[in-house]
Amino acid sequence: MAKASEVGNGGQSAIGQPYYCQECKRNHTKGKIYKEHLNFAKFESEKEESIEDESESNDMAQEDSDILEEEEEIVTEMDDEEFHNEIEEDEDFDEEILALDNNNSDCVDAVKKLPGVGEATLKKLIKAGFGSLESIAYTPPSIIQEESGLGDKTTAKLIKASMEKLNIGFKSAEDVWEHRRNIARITTGSQELDNLFGGGIETGCVIEFFGEFRTGKTQIAHMLCVNVQLPKEDGGLSGNALYIDTEGTFRPERIIQMAEGLDLDHKKVLKNIVFGRAYNSDHQVLLIKEATNLIREKNIKLIIVDSLIGHFRSEYVGRGTLANRQQTINTHLHDLLRLTDIFPELCIIVTNQVQSKPDVFYGNPTVAAGGNIVAHGSTIRVYLRKGKGEQRVAKMIDAPHLPEGEAIFSITENGIVD
Ligand code: GTP
Ligand code: MG
């Protein structure tokens, strides 16, 4: 994460315009996630020297990257053994793989056993974050190809084999019910709010909290980061949290207060929250793309994105950029949804602002920002509004299996309570 936070941003350039990235000394297009940059963030130190040589002129760097991509394609077509010799010299890289291998040996073992996966292919897959059958099976081939550098035929074979191993296909509704019955949940701290969700915030989906300022979106996000660490019998998942902060409103002080309210050791609680500050929309997208290995490595069971579209709203200004903005948000949401497919015991919470509807005279004059893309992307949507004093009202707006309803909860020093 720390490495990712240092990546160049091109924050000032307009959408669709090329800009020169100071970090990896290449041209990028604003609004697109760039493969070179992903590689750069992961292997910064490894590539430092060669990139410096390349950076004499932008044009040259661009040419080099084209050649590099061509070479990658050729290498993909080589036999694993031929490639093996080249890669073996790369000791740092081996150590990194080894570390990953130790952390998730079961998942990696399963990938290793796929037909046609030699050491070189395995390394490429793990390096790009595809260290489990689920991550291969659920990711579109184009993304696997782009991020791992594998050829299209190899990718197609790997996906097919992973799907077969995971038995992905049709199943009976009874099986689906069996799965849903055992779904893991996180308590919010308020019984009423838990009831609104049918017994706590469920895992395996993306949940959106939207509402005006000070309605408690960030407070709920903080509280869940603490509660997810509780043992299952106390309403947690014995897991850790990843907090992507786009607005600079994450406050460890609040975590300490909330942890103390639950008699938890606040030092431990803080240690178990991985924090990433997203400085712009590209960076936000990048942090989520990099999350796969982190989730496994750090036993992450909850991801917070607070807020989902703040950066997009401020960066994509004017009607002309709308289509581009919506497309990028859509891809970002699908990246998040895919994580819940890969990790069924993962809960993703996104917060969203509201914008005013000038044409509404009666009823609620606000609507969640981001339009239909966000509405369709998130599985469960909850609207928050202010009540008296510390009280807040949560309204279930959209959920595949829950009735519309309301719950009242309070924000106190120790967090969310009834
Ligand atoms: P925006 O991010 O501005 O859109 O708002 P938000 O919905 O994220 O608001 P947030 O969750 O940050 O809620 C802020 C509110 O929580 C404050 O206005 C307070 O009312 C309440 N709050 C925060 N800390 C405390 C605390 O220590 N004690 C109490 N009683 N309330 C608190
Ligand atoms: Mg907030």
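Predicted, not measured: the structure shown is a model, and the values here were computed from it.
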Less than 4.5 Å apart, side chain to side chain, heavy atoms only: is that true for [X] and [Y]?
X	Y	value
Arg277	His283	no
Met223	Leu262	yes
Lys171	Val176	yes
Arg296	Phe343	yes
Leu346	Leu339	yes
Ile397	Val382	no
Ile256	Glu253	no
His401	Ile380	yes

Does a side chain donor of either [X] or [Y] reach within less than 3.5 Å of an acceptor in the other side chain?
X	Y	answer
Arg392	Gln219	no
Glu208	Asn352	yes
His311	Gln284	no
Thr328	Thr331	no
His179	Asp175	no
Asn324	Tyr316	no

Shortest non-hydrogen contact between [X] and [Y], atoms and distance:
X	Y	answer
Leu264	Val226	CD1-CG1, 3.9 Å
Gly131	Ile126	CA-CG1, 4.2 Å
Val354	Glu212	CG2-CG, 3.6 Å
Ile159	Ala137	CG2-O, 4.3 Å
Ile255	Cys225	CD1-CB, 4.3 Å
Ile136	Ser162	CG2-OG, 3.5 Å

Check: [X] side chain, [Y] main-chain N or O, donor-acceptor pair, under 3.5 Å:
X	Y	answer
Asn299	Ser238	yes
Lys217	Gly211	yes
Asp398	Arg381	no
Thr139	Ser135	yes
Ser148	Ile144	yes
Asp418	Gln191	yes
Thr203	Ala184	yes
Thr246	Gly310	no

* Mind jotting down which residue pairs meet the side-chain hydrogen bond (donor to acceptor under 3.5 Å, both in side chains) criterion with at least one end in residues 226-236? Sequence neighbours excluded, please. =>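 For residues 226-236: Gln229-Asn272, Lys232-Glu345.
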Inter-residue atom distance [X].[atom1] - [Y].[atom2], 0.5 Å rounding:
X	Y	atom1	atom2	result
Ile201	Ile207	CD1	CD1	5.0 Å
Leu336	Ile244	CG	CD1	9.0 Å
Lys301	Ile295	NZ	CD1	11.5 Å
Asn240	Glu297	CG	CD	12.0 Å
Leu384	Phe409	CG	CZ	5.0 Å
His334	Ile329	NE2	CD1	13.0 Å

* salt bridge (Lys or Arg N to Asp or Glu O under 4.0 Å) against Glu202, all qualifying residues, sequence neighbours excluded ->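 With sequence neighbours excluded, Glu202 shows a salt bridge (Lys or Arg N to Asp or Glu O under 4.0 Å) to Arg180, Arg185, given in chain and number order.
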* By salt bridge (Lys or Arg N to Asp or Glu O under 4.0 Å) - contacts of Asp245 (at least two apart) ->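 Partners of Asp245 under the salt bridge (Lys or Arg N to Asp or Glu O under 4.0 Å) test: none.
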* To do: Give the intermediate values and the outcome of salt bridge (charged side-chain N to carboxylate O under 4.0 Å, His left out) for residues Asp335 and Arg338.
  => CA-CA 5 Å; Asp335 286 346; Arg338 197 176 315 114; 3.4 Å; yes
* **Positive for side chain to side chain contact (heavy atoms under 4.5 Å, CB included) with Ile303, one of Leu294, Ile288, Leu287, Ile349** =>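 Exactly one option meets the side chain to side chain contact (heavy atoms under 4.5 Å, CB included) with Ile303, and it is Ile288.
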* Can you tell which of Thr351, Thr215, Leu193 makes a side chain to side chain contact (heavy atoms under 4.5 Å, CB included) with Ile220? ->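 Exactly one option meets the side chain to side chain contact (heavy atoms under 4.5 Å, CB included) with Ile220, and it is Leu193.
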* Asked: Salt-bridged, Arg181 to Glu174, with N to O below 4.0 Å?
  ->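 Glu174 and Arg181: not salt-bridged.
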* To do: Check the pair Cys347 / Val228 against side-chain contact (heavy atoms from CB on, under 4.5 Å), numbers first and verdict last.
  => CA-CA 9 Å; Cys347 174; Val228 70; over 6 Å; no
* To do: Applying side-chain contact (heavy atoms from CB on, under 4.5 Å), run through Val111 and Leu122 and close with a yes or a no.
  => CA-CA 7 Å; Val111 177; Leu122 183 69; 3.7 Å; yes
* **Residue pair Arg385, Glu406: steps toward the salt bridge (charged side-chain N to carboxylate O under 4.0 Å, His left out) verdict** => CA-CA 11 Å; Arg385 66 171 195 271; Glu406 288 195 344; 3.1 Å; yes
* To do: Quick one: do Phe312 and Val285 satisfy side-chain contact (heavy atoms from CB on, under 4.5 Å)? Show the steps, please.
  => CA-CA 11 Å; Phe312 292 94; Val285 171; 4.1 Å; yes
* From CA spacing to verdict: side-chain contact (heavy atoms from CB on, under 4.5 Å), Met258, Asn414 -> CA-CA 4 Å; Met258 290 169 183; Asn414 289 333; 5.8 Å; no
* With a 6.0 Å cut-off on ring centres, are His222 and Phe250 close enough? ->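 Yes: the rings meet the under 6.0 Å criterion.
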